[in-house]
Amino acid sequence: MERRQAKKKLSRNLLDMKFMKRTREKNEILDEEEIRSQMFDSEVTPAMRVGGSRVVCEPSYVPVENLVFGRLAFKGMNQEIEAMMAEKVAAEDTSMDKDVSDADMANRLTKNMAKKFASKRDNTGKPSINKTLAAATPETSTLLAQTSNFLSQVRAESDQAKKIKPNFQKPADD
């Protein structure tokens with residue numbers, strides 16, 4: 001800020017000229033920011049400036065409350081609304097069907113990783129990794145099964161946690 005005060009300022013008459021319009025606007029913005037920063041320096045910390053906005057403005061409460069589609073029609077009573085409902089369901093169903101199972105993907109990955117590191121050698125010049133790691137063993141298949149079960153449990157718990165809405169309590173009157 002002191003550097004700004006030491007800088008020479010252009011005269012008002014010069015800034016009022018047509019070709020100096022941008023410079024005048026830039027100077028006004030800098031002056032306003034300087035005044036604003038002096039006023040709020042004690043209240044706004046550098047962490048708050050870097051943190052950015054933590055507030056998301058939503059124009060409607062529908063996605064917040066996880067409400068259903070606004071207009072409903074059933075059994076062909078209103079074809080247009082049913083078509084809109086079908087489009088909405090199709091848009092929400094973005095989950096893609098798996099072409100390759102998780103176990104197949106894990107097996108292929110282990111083979112690729114074994115191939116990648118098979119050429120690595122230790123200080124003596126001998127391969128440091130055996131090529132037997134690429135073959136699927138009963139231990140790896142049981143480990144994969146346990147991992148997939150664990151992941152499904154965690155996903156189910158997180159889905160339940162999302163569905164549970166907090167109960168707001170009324171403050172006690174003193």
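Closest approach of F74 to M85, counting heavy atoms only: CE2-CE, 4.3 Å. Of all non-hydrogen atoms in E82 and M77, the two that sit nearest each other are OE2-N, 3.4 Å.
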Check residues 143-150 and write down every donor-acceptor pair under 3.5 Å in which the side-chain atom is one partner and the other belongs to a residue at least two apart or another chain.
unit_1: T147; atom_1: OG1; unit_2: L143; atom_2: O; d: 2.7
unit_1: S148; atom_1: OG; unit_2: L144; atom_2: O; d: 3.3
unit_1: S148; atom_1: OG; unit_2: A145; atom_2: O; d: 2.8
unit_1: N149; atom_1: ND2; unit_2: A145; atom_2: O; d: 3.4

side-chain contact (heavy atoms from CB on, under 4.5 Å) assessment of R108 paired with K111: CA-CA 5 Å; R108 175 168 260 175; K111 288 178 184 177; 5.7 Å; no
Run the side-chain contact (heavy atoms from CB on, under 4.5 Å) test on I29 and K26 for me, step by step, so that the C-alpha distance in whole Å, both residues' side-chain angles and the decisive distance to 0.1 Å come before the verdict. CA-CA 5 Å; I29 291 171; K26 187 178 7 172; 5.8 Å; no
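For E32, there are no side chain to side chain donor-acceptor pair (under 3.5 Å) partners two or more places apart in sequence or in a different chain. For S158, there are no side chain to side chain contact (heavy atoms under 4.5 Å, CB included) partners at least two apart in sequence or on another chain. Applying the side chain to side chain contact (heavy atoms under 4.5 Å, CB included) criterion to D16, with sequence neighbours excluded, gives R12, R24. The side chain to side chain donor-acceptor pair (under 3.5 Å) test applied to N112 returns no partner, not counting sequence neighbours.
Put simply, CE on M17 and OG1 on T23 are 12.5 Å apart, with the number rounded to the nearest 0.5 Å.
At most 12 non-hydrogen atoms from other residues, nucleotides or ligands lie less than 6.0 angstrom from CE of M105.
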